[in-house]
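Keep in mind that the numbers below use all heavy atoms, side chains included, and drop hydrogens, waters and symmetry copies.
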Amino acid sequence: MLKNRLLFTGILMAGLLQVTAQTASTAASTETKSKYDQHALFGPLFYPSAGNEYRTATGEPGHAYWQNKADYKIAATLDDATNKVTGSVTISYKNNSPIELPYIWLQMDQNLYNLESRGQAKMPATGRSRYGDAKSTFSGGYQVTNVELIVAGKTEKVPYLINDTRMQLRLNKALAAKSGAVSIKIDYNYVIPEYGSDRTGILKTKNGNIYAVAQWYPRLCVFDDVQGWNTLPYLGASEFYLEYGDFEVSLTVPASHIVVASGELLNPQEVLTATQLKRFNQAKTSDTTVMIRSAAEVLDPASRPAKATCTWKYALSNARDFAWASSKSFIWDAAKINLPSGKKCMATSVYPEESDGKKAWGRATEYTKGSIENYSKRWFEFPYPVASNVASNIGGMEYPGIVFCGSTAKTGGLFGVTDHEFGHTWFPMIVGSNERKYGWMDEGFNTFINTLAGVDFNKGEYKEAKTDWHQYARFLFGPTSEPMMNTPDVLQERNIGIELYMKPGYALTLLRTQILGEDRFDYAFKKYIRDWKFKHPTPWDFFRSIENGAGEDLSWFWRGMFLENYKLDQAVTKVDYINNDAKNGALVTIDNLDQLAMPVIIEFTTASGKTERKTLPVEIWQNNASWKVKLNTTEAIQKVVIDPDHSFPDMNSANNTWKAN
């Protein structure tokens, strides 16, 4: 989830303006005593437990790995006069675990919008939050009208308890280990909030409301081998952890509406006009954008079937969620997506007249197609039949096969948010990490792959400028920063963009470009995706997977960058000549002054103007806070610089340079 990559960068830069500027000078003027303790960084006892039959020491799923399955059959109706969704969901749940289950937990995320919810209680009395408003008078949440089990084709009542955003079903008979199955039927309704934590909502446009509908049905909590039942409440900041399954969805809406959704539209001939159906089928084979419903047609009654309502039917396989959008104001266009295997799917965009234009949403389908094709080629093939981009009052939010993006986004901003939200297809839609606990495993991974997309799209049309990480480091690791290994709900809201997006995204870039190299990193990263596709990895599974795939002990890196909030400050403190003669070579003393360590790149310039570089591995810091580096020169040294490209997160550039007097 991200409002706008360019906006986010602007926020970071604004923070940097508050940091006192530092300029390079001789190292002697900034020499300080080292705080470095190599034992804390390189200690051998990193992993909390050994591998087992469920999760191996190599970071792969074990031979006995299991996860439960939840299939959903949903029929829902949208009333655009009351903004109400009325639904009935039948959940077929399979217990593949080795544990008998006497009860089942479900997520009831709409209950966040009840005025008495825990999340509402966390809203600040003063100031702003993107997750809610302490002054809100909207009291939403589910109204549950029926809960029953279906056993052998017969229904039976089941005791249940709703507590905040969770529901517990207390089964009459425990669900058997490894083979138990049950069907749960829940009838419910709720009113869609106008601003639903920037994840669901209603955008008012001159031609009608746009409904971006998510967290709209009761969903199974994950039961896994790590936590058992994962029942953390939905408080707004922390996102979702969901089981995989198949979806059959029927959505009945006013006939004037166009609907887009996560899955494949099964009955286009029933919900589209003859002209729209022809264009829809044309778009399936077109590499350029095809207009299915133009701006000029939005107010034309002939552009929709002449009846009161239409029921749109969808199917989606092996997915962790389902979302949709509906409006009578939609302009609609689409194009073909080409996948590496030769398969095809569809990119499509819907947006109001206010968002139209070639510098705005007129290119949204082009951006969607480019994003999906690029990530499918780089990492893993897109698994869904459609990728729908919806203009909404939501800054940016992702679901399988559909994303909600800000309706006012344009040019590079629209590309950035589109690319980011569809990047979430890979994390966490394909690789199903626990977002509610480890937000950096989806936002950070996605931020990392986004940095490559800017280079890849349209010959670098939106390629970002090179980043000076010395400047950013004083912001990312500043006095108010926090370790990224925290749940989003625990982080200060102002730090969420830093700790979940920028810092882990940068950490993976650093790992790829400076520590492992592109070949080793990409091989290990792609294997991690393949191994954990449609499964539930933990941070430790990721750490082990990269280490084994790349053949490198990276515990110092994970500890310093992910678990802790260690800072880096490396300095050049002295230059001597062997036997006091420059012809014999130079000895450069470098110090590690803070708790984080990194490899070292030294650039030195000789008296004649010749410049060379020398790279040292992180292992030089395993038992030293200070290190002497021999430079095989035959003339005097004029300048020595550590990290000349500002690739590492060094907090103090002033001591990185030594100059001859």
(message) Does either side chain, that of Glu381 or that of Ser376, offer a donor lying less than 3.5 Å from an acceptor on the other one?
(response) no

(message) Using every non-hydrogen atom in the two residues, find where Ser481 and Leu476 come nearest and quote the distance to one decimal.
(response) CB-O, 3.3 Å

(message) To the closest 0.5 Å, what do you measure between CD (Gln492) and CD1 (Ile498)?
(response) 11.0 Å

(message) With a 6.0 Å cut-off on the ring centroids, do Trp532 and Phe427 count as close?
(response) no

(message) Checking the side chain of Lys535 only, and the main-chain atoms of Pro61 only, is there a donor and an acceptor separated by less than 3.5 Å?
(response) no

(message) Tell me whether the NZ or CZ atom of Lys533 lies within the 45° cone about the ring axis of Tyr528 and under 6.0 Å from its centre.
(response) no

(message) Taking the basic N atoms (NZ, or NE/NH1/NH2) and the acidic carboxylate oxygens, is any pair closer than 4.0 Å for Glu612 and Lys610?
(response) yes

(request) Answer yes or no: is there a donor N or O on one side and an acceptor on the other, between the side chain of Thr289 and the main chain of Ala335, under 3.5 Å? (result) no

(request) Give a yes or no on whether the ring-centroid distance for Phe382 and Phe422 is below 6.0 angstrom. (result) no

(request) Report the C-alpha separation of Asn592 and Gln570 in whole Å, then their side-chain angles, then the decisive distance to 0.1 Å, and conclude whether the side chain to side chain donor-acceptor pair (under 3.5 Å) test is met. (result) CA-CA 5 Å; Asn592 205 59; Gln570 297 181 334; 3.1 Å; yes

(message) Looking at every heavy atom in both Leu414 and Ala360, which two are closest together, and how far apart are they?
(response) CD2-O, 3.2 Å

(request) Identify whether the distance between the nearest side-chain nitrogen and carboxylate oxygen of Asp456 and Arg378 falls below 4.0 Å. (result) yes

(request) Count the heavy atoms of every other residue, nucleotide or ligand shown that sit under 6.0 Å from CZ of Phe46, and state whether that count exceeds 12. (result) yes

(message) Can you confirm whether Val618 sits close enough to Ile515 that some side-chain heavy atom of one is under 4.5 Å from a side-chain heavy atom of the other?
(response) no

(message) Less than 4.5 Å apart, side chain to side chain, heavy atoms only: is that true for Asn656 and Val572?
(response) no

(request) Could you tell me whether Lys527 and Glu60 make a salt bridge, using a distance below 4.0 angstrom between a side-chain N and a carboxylate O? (result) yes

(request) Please test Asp591 against Lys33 for salt bridge (charged side-chain N to carboxylate O under 4.0 Å, His left out), starting from the C-alpha separation and ending with a verdict. (result) CA-CA 9 Å; Asp591 287 346; Lys33 183 178 179 181; over 6 Å; no

(request) Decide, yes or no, whether a salt bridge links Glu564 with Arg559 under the criterion of side-chain N to carboxylate O below 4.0 Å. (result) no

(message) Does this structure show an ion pair linking Asp287 with Lys369, if we count only N-O contacts that are shorter than 4.0 Å?
(response) yes

(message) Quick check: do His420 and Asn450 have side-chain heavy atoms less than 4.5 Å from each other?
(response) yes

(message) When you measure from the side chain of Glu398 to the backbone of Val403, do you find a donor-acceptor pair of N or O atoms at a distance under 3.5 Å?
(response) no

(request) Find the distance between OH (Tyr566) and NZ (Lys35) and round it off to the nearest 0.5 Å. (result) 13.0 Å

(message) Whether the Ser349 and Thr365 side chains hold a donor-acceptor pair (N or O, under 3.5 Å, no angle test) is what I'd like checked.
(response) yes

(request) Would you please classify the geometry between the Tyr399 ring and the Phe404 ring as parallel, tilted or perpendicular, with 30° and 60° separating the classes? (result) tilted

(request) State the CD1-NZ distance between Ile602 and Lys614, to the nearest 0.5 angstrom. (result) 8.0 Å

(request) For this output row, return yes or no: ring centroids of Trp379 and Tyr375 closer than 6.0 angstrom. (result) no

(message) Aromatic contact between Phe604 and Trp658, with the criterion being ring centroids under 6.0 Å apart: yes or no?
(response) no

(message) Run Lys628 and Thr589 through side chain to side chain donor-acceptor pair (under 3.5 Å) and show every step you take.
(response) CA-CA 4 Å; Lys628 292 185 184 295; Thr589 301; 3.1 Å; yes

(message) Between the side chains of Arg199 and Glu239, is the shortest nitrogen-to-carboxylate-oxygen separation below 4.0 Å, so that they form an ion pair?
(response) yes

(request) Assess whether side chain to side chain donor-acceptor pair (under 3.5 Å) is satisfied between Asp225 and Tyr65, documenting all intermediate values. (result) CA-CA 8 Å; Asp225 62 289; Tyr65 175 85; 5.7 Å; no

(request) Taking the six-membered ring for Trp and the single ring otherwise, decide whether the centroids of Phe648 and Trp469 are under 6.0 Å apart. (result) no

(message) Show me the pairs that pass ring pair (Phe, Tyr, Trp, His ring centres under 6.0 Å) and involve residues 621-647, at least two apart or across chains.
(response) His470-His646

(message) What I want to find out is whether Arg128 reaches Glu493 closely enough, with some N-O distance under 4.0 Å, to be called a salt bridge.
(response) no

(request) Would you check if the side chain of Asp419 reaches a backbone N or O of Phe415 as a donor-acceptor pair within less than 3.5 Å? (result) no

(request) Step by step, work out the side chain to side chain donor-acceptor pair (under 3.5 Å) result for Ser626 and Asn624. (result) CA-CA 5 Å; Ser626 185; Asn624 299 281; over 6 Å; no

(message) Keeping Ser545 on the side-chain end and Asp541 on the backbone end, is there a donor-acceptor pair under 3.5 Å?
(response) no

(request) Keeping the roles fixed (side chain from Arg544, backbone from Thr58), state whether a donor-acceptor pair exists under 3.5 Å. (result) no

(message) With rounding to the nearest 0.5 angstrom, report the OH to CD distance, Tyr367 to Glu421.
(response) 15.5 Å

(request) Measure centre to centre between the rings of Phe543 and Tyr47, then say whether the value is under 6.0 Å. (result) no

(request) Indicate yes or no for a side-chain donor-acceptor contact from Asp645 to the backbone of Ser647 under 3.5 Å, with no hydrogens or angles considered. (result) no

(request) Kindly determine whether Arg363 and Glu461 satisfy salt bridge (charged side-chain N to carboxylate O under 4.0 Å, His left out), including the steps that lead there. (result) CA-CA 13 Å; Arg363 293 187 69 187; Glu461 179 180 357; 2.9 Å; yes

(request) Check whether more than 12 heavy atoms from other residues, nucleotides or ligands sit under 6.0 Å from atom NZ of Lys466, and answer yes or no. (result) yes

(request) Check whether more than 12 heavy atoms from other residues, nucleotides or ligands sit under 6.0 Å from atom CG of Asp581, and answer yes or no. (result) yes

(request) For Ser238 and Asp489, indicate whether the former's side chain and the latter's backbone hold a donor-acceptor pair under 3.5 Å. (result) yes

(request) Side-chain contact test, heavy atoms from C-beta onward, threshold under 4.5 Å: evaluate it for Ser407 versus Ser355 and give yes or no. (result) yes

(request) Check whether any side-chain N or O of Asp594 sits under 3.5 Å from a backbone N or O of Asp569 as a donor-acceptor pair, and report yes or no. (result) no

(request) To the nearest 0.5 Å, tell me how far Asp522 CG sits from Arg512 CZ. (result) 4.0 Å

(request) Verify, without hydrogens or angle tests, whether Gln638 (side chain) and Thr605 (backbone) share a donor-acceptor contact under 3.5 angstrom. (result) no

(request) Nearest 0.5 Å please: distance from the CG atom of Asp643 over to the CD1 atom of Ile601. (result) 6.0 Å

